[in-house]
Amino acid sequence: MDLLLDGLSHAFALILRGDPQVMEIMWLSLRCSGLATFLAILAGIPLGARLGLIRFRGRRLVLGVINAGMGLPPVAVGLFVSIFLWRSGPLGFLDLMYSPAAIVIAQVIIALPVVTGLTAAAVQQLDPRLLLQLRGLGASRRQATLQLLTEARYALFAAMMAAFGAVISEVGASMMVGGNLLHRTRVLTTATVLETGKGNFDIALALSILLVGLTFVVAMALTLLQQRERRP
Amino acid sequence: MSQPLVIEARRLEARYGSRTVVSVDRLLLASGQTLALLGPNGAGKSSLLRLLALLERPRRGELSLFGEAVTGQERQGLRLRRRMATVFQAPLLTSGSVFDNVARGLRFRGLEPTVVWDRVDQWLRRFGIAHLAGQEARTLSGGEAQRVSLARAFAVEPEILFLDEPFASLDQHGREALALELEEVLRRSRIATVLVTHDRSEALMLADEVALLMDGAVRQIGSVRDVLAHPADADVARFVGVENLLPARVVQRQGEVAEVSMAGRTFRIPRAQELEGDITLCVRAEDVHLTAEGGAVEDGRVSLDARVQRIVPFGVPYRVYLDAGFPLVALAAERTLRRLDLREGSALVASFDPSRVHAVPRRATLPSPPVEG
């Protein structure tokens, strides 16, 4: 119990003091996961919308693969990205292994199926006649899709939150492709694992509190955006 | 035809899976006309409307809109769709205010905000919903929402308007009120309109022409009055509300007049050209008069001894189900019921005026009582 109380008081001291190393780690986490989520949204929403709206042969198979991808283990993603980025791997010439870019790549792969799958589900949830109605009012394909995404925006925000939650909290991929290098690729989750292993529970607790806090702040911001015009 | 054609469809066919839902040989709509696609549920009316409105692709066939052959190309489709507008059974409003909804089609067309404002305002007023402009569209009642949907379609000033059962989601009162408003707007604007409905009174009220659809095909096309008065076959007759479809046989024919025999009686009917052999007589329930047993029947009427089987209140008149050796339905006012002291089992004389009978060729599928005489 003392361990916990000591750890907590120490952790809050670190946070309130704005310990530069802790802040640096938090900032890198936010940048990597924020960018990865943003890229996943950029690609995943149009992709999900198409999958949800357009019928083609093999659509169910593609949807099934994407839905399965939502549960992709970060460790497996880390392994595959490592193989590709390894010096002797197919993308080794890019020299991205153990860089923040490598973390972003791995996290995009984790977040993309989440955004795509949930977007497809959100669009399919809408009344299928709405698309006919929009086309019947003279909407181009693009205009109709944008309008349908607007109609599904609550679910889309939920998809964004789920994607951010998945990447900010993963440790396996970041550890494998980032390498947990101080001042370079150390993020909140990998640092927590390291500090816990070393027995530095105060630092580990501080990092965890920051991780939970960060997740909460981002989710809350998205929730406020999501609910801003919801009136009874 | 004096007016140019805005729709010209030939051998248009649509399928869902292996089922053919639309198979229309020829369908025309002239500018300024309203065509009702009338038919029972599942007749393919809405599917046909979606083909004509370029919302679905036909499996085969030719379609010209505004004199231009439809190629199926996306760019051409968009350009043509922007000259038309569709209203569905459900209002299908988007989130946002009533104003936003009515502005939607105009914004899709990239019109100037001032134009958008003017048009929206004009059509909100025309449908009596200007006071709702700022309200969230989701909070509207059914009638208000359907008015928004109509205003949204009219606001784009379409050259063809497609209405797919626009009143079906409303209650009786709301339906009549909105149909009256729409009738006035259509009459004034003279927009070419395709109206899908299963309600013949809506067709009568709103349309110039009617195409009667059954099983995906056009069974009859003509002026609304003509189709209602002279259905082409027994199915159409049944659909347009003819309750007595009586099997008969042509004995001989002189020009338009045929001598027919039915249930042991022989009489003459008009407008019987081209009818031979077995036919079906269409006798509307309101044309069947009831007289007391042994009472005098006007000269020239076909009289049948009958017995009352059931009396069912139906709107203002009562519907009287009779057994005249075959089933027969009559409509009777309450006054008549009291005067004749009718109850189930009462014997009476039912009669109809043969000159008001419309005859159609017999169809093999028609379930009918056995022919006598």
Side-chain angles (χ1 to χ4, degrees), chain A residues 45-46 48-60 118-161 222-232, chain B residues 46-47 49-57 74-75 77-97 100-111 135-139 148-164 169 194:
Chain A
I45 287 184
R50 300 210 116 209
L51 277 174
L53 293 174
I54 298 172
R55 286 170 198 284
F56 56 91
R57 270 178 85 89
R59 176 167 86 143
R60 282 187 206 187
L118 294 181
T119 300
V123 169
Q124 286 185 298
Q125 181 93 47
L126 296 172
D127 190 330
R129 295 170 304 174
L130 193 54
L131 176 60
L132 281 184
Q133 174 68 83
L134 294 171
R135 288 168 63 78
L137 286 169
S140 67
R141 224 174 242 172
R142 202 181 132 82
Q143 287 170 330
T145 305
L146 281 176
Q147 189 62 47
L148 290 177
L149 289 173
T150 310
E151 298 303 310
R153 64 194 174 283
Y154 296 103
L156 293 190
F157 275 111
M160 295 179 203
M161 287 184 247
L222 284 171
T223 306
L224 289 177
L225 270 176
Q226 179 195 40
Q227 301 293 325
R228 93 198 120 150
E229 51 176 329
R230 185 60 120 180
R231 275 179 245 133
Chain B
S46 295
S47 301
L49 175 134
R50 289 200 291 267
L51 296 182
L52 300 176
L54 303 186
L55 299 176
E56 274 171 19
R57 282 165 196 267
E74 179 66 22
R75 282 175 74 92
L78 180 62
R79 185 164 50 74
L80 291 174
R81 274 192 287 110
R82 286 191 172 165
R83 296 174 70 178
M84 318 188 281
T86 314
V87 175
F88 289 98
Q89 177 175 343
L92 297 170
L93 302 182
T94 55
S95 55
S97 67
D100 287 336
N101 268 279
V102 178
R104 193 113 286 145
L106 300 165
R107 288 178 179 153
F108 285 151
R109 286 160 177 76
L111 295 178
Q135 197 166 321
E136 184 71 23
R138 275 183 303 224
T139 61
V148 173
S149 181
L150 283 166
R152 178 172 66 174
F154 277 101
V156 302
E157 296 185 351
E159 292 164 72
I160 308 175
L161 182 65
F162 293 96
L163 304 171
D164 189 355
S169 61
V194 176

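Note that the structure is predicted; figures quoted are calculated from it, not measured. So that the names make sense, note that chain A is the first sequence line, chain B the second, and so on, each numbered from 1.
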- prompt: Which answer fits A/Leu134, side chain, backbone, both or neither, if we ask what part of it has an atom under 4.5 Å from a heavy atom of chain B?
  reply: both
task: Heavy-atom distances under 4.5 Å only: say whether B/Leu80 touches chain A with side chain, backbone, both or neither.
output: neither
message: side chain to side chain contact (heavy atoms under 4.5 Å, CB included), that's the test. Do B/Arg152 and A/Gln133 meet it? Break it down for me.
response: CA-CA 11 Å; B/Arg152 178 172 66 174; A/Gln133 174 68 83; 3.2 Å; yes
message: Please rank A/Asp127, A/Leu148, A/Leu137 by heavy-atom pairs under 4.5 Å with chain B and give me the top one.
response: A/Leu137
Greater than 12 external heavy atoms within 6.0 Å of A/Arg59's CZ: yes
query: Contact part of B/Leu55 toward chain A, heavy-atom cut-off under 4.5 Å: side chain, backbone, both or neither?
result: both
- prompt: With a 4.5 Å limit on heavy-atom distance, are the side chains of A/Ser140 and B/Arg82 in contact?
  reply: yes
- prompt: Within a radius of less than 6.0 Å around CZ of B/Arg109, do more than 12 heavy atoms belonging to other residues, nucleotides or ligands occur?
  reply: yes
query: Where is the tightest heavy-atom contact between B/Phe108 and A/Ala139, given as atom of each residue plus distance?
result: CE1-CB, 3.5 Å
- request: To the nearest 0.5 Å, tell me how far A/Gln143 CD sits from B/Arg107 CZ.
  value: 12.0 Å
message: To the closest 0.5 Å, what do you measure between CZ (A/Arg142) and CG (B/Leu78)?
response: 13.0 Å
message: What's the separation between atom CG in A/Leu132 and atom CG in B/Leu49, rounded to the nearest 0.5 Å?
response: 10.0 Å
Side chain / backbone / both / neither for B/Ala53 at chain A, heavy atoms under 4.5 Å: neither
- prompt: Within a reach of under 6.0 Å around CD of A/Gln124, are more than 12 heavy atoms found that belong to other residues, nucleotides or ligands?
  reply: yes
Options B/Gly105, B/Ser95, B/Ala155, ranked by heavy-atom pairs under 4.5 Å with chain A, top entry: B/Ser95
- request: Would you name the heavy atoms of A/Arg135 and B/Glu74 that are closest together and state the gap between them?
  value: NH1-OE2, 4.0 Å
